[in-house]
Amino acid sequence: MNIDEILMDYEAVMRLALERGFYFPSCEVYGDAQAGFWEYGPSGVGLKNKFLELWRRELVRRDGMLEIDGSQIMSKSVFEASGHLGNFADPIIRCTECSSTFRADKTIVDVTGIEVPESAALEEFDDAIVQNNIKCPKCKGDFEKTRNFNMMFKVGIGPEGEEAYLRPETCQSIFVDFPRLFKIMRGKLPLGIAQVGKSFRNEIAPRQSLLRLREFYQAEIEVFCNPAKLDEMDRFSEIENTVIRVQADGDPVSMTCKEALESGMVPNKFVAYYLGILMEFYEKTGIDVKRSRFRKLGDKEKAFYAKVAFDFEVETSIGWLELVACNYRSDYDLSSHTKKSKEKFEVMDNDEKVLPHIFEISMGIDRSLYTILEHSLRDDKEHERIVLSLKPYLSPIHIGMLSLVKKDGLKEKTDEIYLQIKRKCDAFLDHSGAIGRRYRRLDELGVPFAITVDHQTLEDDMVTLRMRDSMEQKRVKISELESVIVEAISFP
RNA sequence: GCGGAAUUAGUUUAGUCUGGUAUGACGUCAGCUUCCCAAGCUGAAGGCCGCGGGUUCAAAUCCCGCAUUCCGCACCA
């Protein structure tokens, strides 16, 4: 079977998502529902929970990180310090004639070649536009005054509507909580702090369901380190032979983490180690990592806080998709919060007082889940079926529990076994319809195993265990069922 | 946000030009049959035809506005 020929595209994933309850538009019964908001259905939640369990195993626990759960609404000061109030906004201009909207700085550069910095005062854009007589590129109309479009959602707190914001990234609570966490958790550098949660960005044009949302999940890891010790990383040996694909200027090149370090593609052992464990995590999600790359970003592409940045990207039917941003943020965040809050963010590393630097692994959960679905979905033409070949430990449902037919006591026997296993795994009971149809339905949901009770079961206390991907079957004793299942669905 | 296309049941679709409240298939559910891979038969449920307004005796159909989705442009996890 040639995998490349039977992979599915965005539209097939979308149909699966809607029909099988992975995800669907929010508030869809109302006409005023806004774009960029999606719900996870039962199957989607199952997949997401298991994905996050894998993330905790492979990154948080493996590296001994601390996990927190911060608040989604944060004070204005946080974002003054973080730079989001100043930098996370685009200066925009709108044509009075055709009401097209443009980025002010880009339009001025395009027409005159004059660079007005993105962060300049709004009047500077207006002056440049008036002095150079810049008109709408589409209809030659005049522009309204420049205004800022900030991507953060502002919220009003309490009866006076005190200004605060929905966080545009989860990591700010990790930064501001760092002094307390380091003290009370007996922290030692390097220290990773992790968080899963929602972030909010008022995107101008949300697109493509889970791929560009206004409200989305992130799993972020911020590793606090001593910048003088970035090559003192004993754990590096764990991943030195792990293969990653790195892209700087040319095509992506496969190399071990050790080779990436020695060739200078990755700046130090510390960063190489985290790229390595991230790669090992993604291998276990079932995403085809042969179609992935760590793309080293140029100066113009990097976020305003990043010194060195690698985007982890994966090839999908709609092109390369960024799943994770790996940014070396240096002391940008802790310095800013020190200055603004007057709190002390320095800590002791042995006998040395240091303001830690930060390396972050900022994962887009929704995009990762989409990619898992797309890379797992197959059109098995030989057997006329759609198969979602999820890893067993990520499948929303582990086991389909079926009676071959309803009568002759098979239903009762099936119910009995179901009662026995349903607290050990995610099992789904189904008695109705032809057996083949029920198998097909489970295949499409990504259920890796089906257990079928037949007439022979009543005589020999054995059931059929059917494998999703191969469609093979074998007989298993009911008494051994539990251990067989637990083994088959366990995390690697 | 701009430009283009689209929106009818869970999915896909006929009907739209030429106004008279909707067709088929798949799926779902129940029963019979079969008894390990989407078979067959019988029956049923499921639609304010994206939302709002207008024209008309009458609107899925004509007109206007809005929203969403998809494709391009710009921006991002």
Side-chain angles (χ1 to χ4, degrees), chain A residues 10-11 14-16 18-21 24-37 88-90 92-95 98-103 105-107 110 118 136-139 149 151 168-171 198-220 301 303 311-313 318 321-327 360-368 370-371 380 383-386 402-408 410 432-444 450-456 463-466 468 471-473 475:
Chain A
Y10 175 83
E11 211 161 296
M14 195 65 226
R15 189 169 17 227
L16 177 81
L18 291 173
E19 284 187 33
R20 298 292 173 201
F24 44 86
S26 180
C27 313
E28 60 179 338
V29 300
Y30 285 108
D32 63 348
Q34 291 290 303
F37 300 94
F88 209 58
D90 294 334
I92 54 170
I93 44 176
R94 183 183 164 99
C95 172
C98 68
S99 68
S100 300
T101 306
F102 303 91
R103 283 274 300 258
D105 52 334
K106 298 218 163 165
T107 309
D110 288 350
E118 204 185 308
C136 172
K138 282 195 179 155
C139 73
F149 176 73
M151 302 257 287
E169 50 179 10
T170 55
C171 57
K198 278 203 166 161
S199 292
F200 304 83
R201 295 183 190 174
N202 201 358
E203 292 287 342
I204 299 170
R207 274 291 159 84
Q208 288 163 321
S209 60
L210 297 191
L211 305 186
R212 190 127 123 254
L213 297 159
R214 288 188 167 129
E215 176 179 340
F216 59 103
Y217 280 104
Q218 292 185 304
E220 290 197 300
E301 282 185 291
D311 277 355
F312 179 71
E313 300 179 328
I318 52 167
L321 184 64
E322 180 184 345
L323 300 188
V324 187
C326 304
N327 295 307
E360 78 170 352
I361 305 170
S362 173
M363 180 180 296
I365 295 175
D366 315 275
R367 290 178 171 190
S368 296
Y370 170 82
T371 307
D380 180 358
H383 300 102
E384 289 183 72
R385 59 178 193 151
I386 305 288
L402 314 175
S403 50
L404 188 58
V405 292
K406 251 185 265 189
K407 38 181 201 184
D408 304 331
L410 296 191
S432 67
I435 192 72
R437 181 184 298 279
R438 281 178 279 163
Y439 285 150
R440 293 293 186 286
R441 211 160 27 204
L442 294 172
D443 290 342
E444 203 177 315
I451 293 165
T452 306
V453 171
D454 55 23
H455 291 96
Q456 208 186 322
V463 290
T464 304
L465 182 67
R466 182 250 192 198
R468 174 194 63 202
M471 298 173 72
E472 282 167 9
Q473 305 187 343
R475 298 289 286 181

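Letters A, B, ... are given to chains in the order of the sequence lines, protein chains preceding strands, and every chain is numbered from 1.
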Taking B/C29, B/U68, B/C37 as options, the one with an atom nearest any side-chain atom of A/Y439 is B/C37

Counting Watson-Crick and G-U wobble pairs only, both distances under 3.5 Å, name the nucleotide matched with B/G47, or none. none

Suppose we call a contact any N or O donor and acceptor under 3.5 Å apart; does that hold for the side chain of A/R201 and the base of B/C76? no

Rounded to whole angstrom, note down the P distance from B/C71 over to B/U28. 29 Å

To the nearest Å, how far apart are A/D366 CG and B/C76 P? 19 Å

In whole angstrom, what separates A/L404's CG from B/U33's P? 15 Å

Could you please name the option among B/C71, B/A39, B/C76 that lies closest to any side-chain atom of A/Q208? B/C71

For residues A/L442 and A/L402, determine if any side-chain heavy atom of one lies less than 4.5 Å from a side-chain heavy atom of the other. yes

Taking every heavy atom of A/S209 against every heavy atom of A/L213, the minimum-distance pair comes out as O-CD2, 3.3 Å

For residues A/S199 and A/Q218, report the shortest heavy-atom separation together with the two atoms involved. OG-OE1, 2.7 Å

Of all residues at least two apart in sequence or in a different chain, which pass the side chain to side chain donor-acceptor pair (under 3.5 Å) check with A/D366? A/Y40

If you check every side-chain atom of A/K406, which of B/C36, B/U68, B/G31 has the closest atom? B/G31

Taking the P atom of each, how far is B/A25 from B/U68, in whole Å? 35 Å

Note: for A/P25 and A/A325 on RNA chain B, the residue whose nearest nucleotide lies more 5' is A/P25

Selection from B/C76, B/C37, B/C36 that lies nearest to any side-chain heavy atom of A/R466: B/C37

Over all strands shown, is A/I365 touching base, sugar-phosphate only, or nothing at heavy-atom distances under 4.0 angstrom? nothing

Below 3.5 Å, does any donor atom in the side chain of A/E203 face an acceptor in the base of B/C76, or the other way round? no

Regarding the side chain of A/E444, the nearest nucleotide among B/A38, B/U68, B/C37 is B/A38

Applying side-chain contact (heavy atoms from CB on, under 4.5 Å), name anything that partners A/E11, two or more places apart in sequence or on another chain. A/D9

Give me the distance, rounded to whole Å, that separates B/C26 from B/G72 when you measure between the C1' atoms they each carry. 33 Å

With sugar-phosphate meaning primed atoms plus P, OP1 and OP2, does A/S362 contact a base, only sugar-phosphate, or nothing at under 4.0 Å between heavy atoms? nothing

Check the distance between B/G72's P and A/Y10's OH and give it to me in whole angstrom. 12 Å

Check nucleotides 10-12 of chain B against the protein and report each pair of N or O atoms closer than 3.5 Å, with its distance, or say if there are none.
from, atom 1, to, atom 2, distance (Å)
B/U11, O4', A/E19, OE2, 3.4

Complement of B/A77, any strand, by Watson-Crick or G-U distances under 3.5 angstrom: none

Return the nucleotide paired to B/U42: Watson-Crick means purine N1 to pyrimidine N3 with N6-O4 or O6-N4, wobble means G-U with N1-O2 and O6-N3, both under 3.5 Å. B/A30

Select from A/R385 and A/L211 the residue whose nearest nucleotide in RNA chain B is closer to the 5' end of that strand. A/R385

Please confirm whether the shortest side-chain N or O distance from A/R437 to OP1 or OP2 of B/C36 is below 4.0 Å. no

Counting only Watson-Crick or G-U wobble pairs whose two distances fall under 3.5 Å, which nucleotide matches B/A59? none

Between A/R367 and A/R212, which heavy-atom pair has the shortest distance, and what is it? NH2-CD, 4.5 Å

According to ring-ring contact (aromatic ring centres under 6.0 Å, His included), who are the partners of A/Y370, at least two apart in sequence or on a separate chain? A/Y10

Side chain of A/S432: nearest nucleotide among B/A77, B/A39, B/C29? B/C29

Residues at least two apart in sequence or cross-chain that pass side-chain contact (heavy atoms from CB on, under 4.5 Å) with A/E215, listed by chain then number, are A/F37, A/K198, A/F200

List for me each residue that meets side chain to side chain donor-acceptor pair (under 3.5 Å) alongside A/Q456, sequence neighbours excluded, and say none if there are none. A/D460

How many Å lie between CZ on A/R441 and P on B/C36, as a whole number? 18 Å

Give me the distance, rounded to whole Å, that separates B/A74 from B/U8 when you measure between the C1' atoms they each carry. 34 Å

Output the single nucleotide from B/A77, B/A38, B/C36 whose closest atom is nearest the side chain of A/Q218. B/A77

Determine the interatomic distance between C1' on B/A77 and the same-named atom on B/U61; round to the nearest Å. 44 Å

Partner of B/G52 by Watson-Crick or G-U wobble geometry, both contacts under 3.5 Å, or none? B/C64

Rounding to the closest angstrom, what is the interatomic distance between B/G19 and B/G3 at atom C1'? 32 Å

Round to a whole Å and report the spacing from CD of A/E313 to P of B/C76. 13 Å

With both distances under 3.5 Å as the test, what is the Watson-Crick or G-U wobble partner of B/G72? B/C2

In whole angstrom, what separates A/L410's CG from B/C36's P? 12 Å

What is the base-pairing partner of B/A22, counting Watson-Crick and G-U wobble geometry with both distances under 3.5 Å? none

Base, sugar-phosphate alone, or nothing: which one does A/D443 contact when heavy atoms must sit under 4.0 Å apart? nothing

P atom, B/U42 versus B/U12: distance in rounded Å? 28 Å

Value in whole Å for how far the C1' atom of B/C26 lies from CD1 of A/I386: 13 Å

A/Q34 CD to B/C66 C1': how many Å, rounded? 11 Å

May I have the step-by-step check of side-chain contact (heavy atoms from CB on, under 4.5 Å) for A/R466 and A/T452, ending in yes or no? CA-CA 8 Å; A/R466 182 250 192 198; A/T452 306; 5.5 Å; no

Taking the P atom of each, how far is B/U23 from B/G47, in whole Å? 14 Å

Filtered N/O pairs between nucleotides 41-51 of chain B and protein, under 3.5 Å:
none

A/E444: which residues meet the side chain to side chain donor-acceptor pair (under 3.5 Å) condition with it, sequence neighbours left out? A/R20

If B/A9 has a Watson-Crick or G-U wobble mate with both distances under 3.5 Å, name it; if not, just say none. none

Within the pair A/R468 and B/C37, is there a side-chain N or O less than 4.0 Å away from OP1 or OP2? no

Which pair of heavy atoms, one from A/E360 and one from A/C171, lies closest together, and at what distance? OE1-SG, 4.1 Å

Test of understanding: with salt bridge (charged side-chain N to carboxylate O under 4.0 Å, His left out), list the residues that count as partners of A/D454, not counting sequence neighbours. A/R475

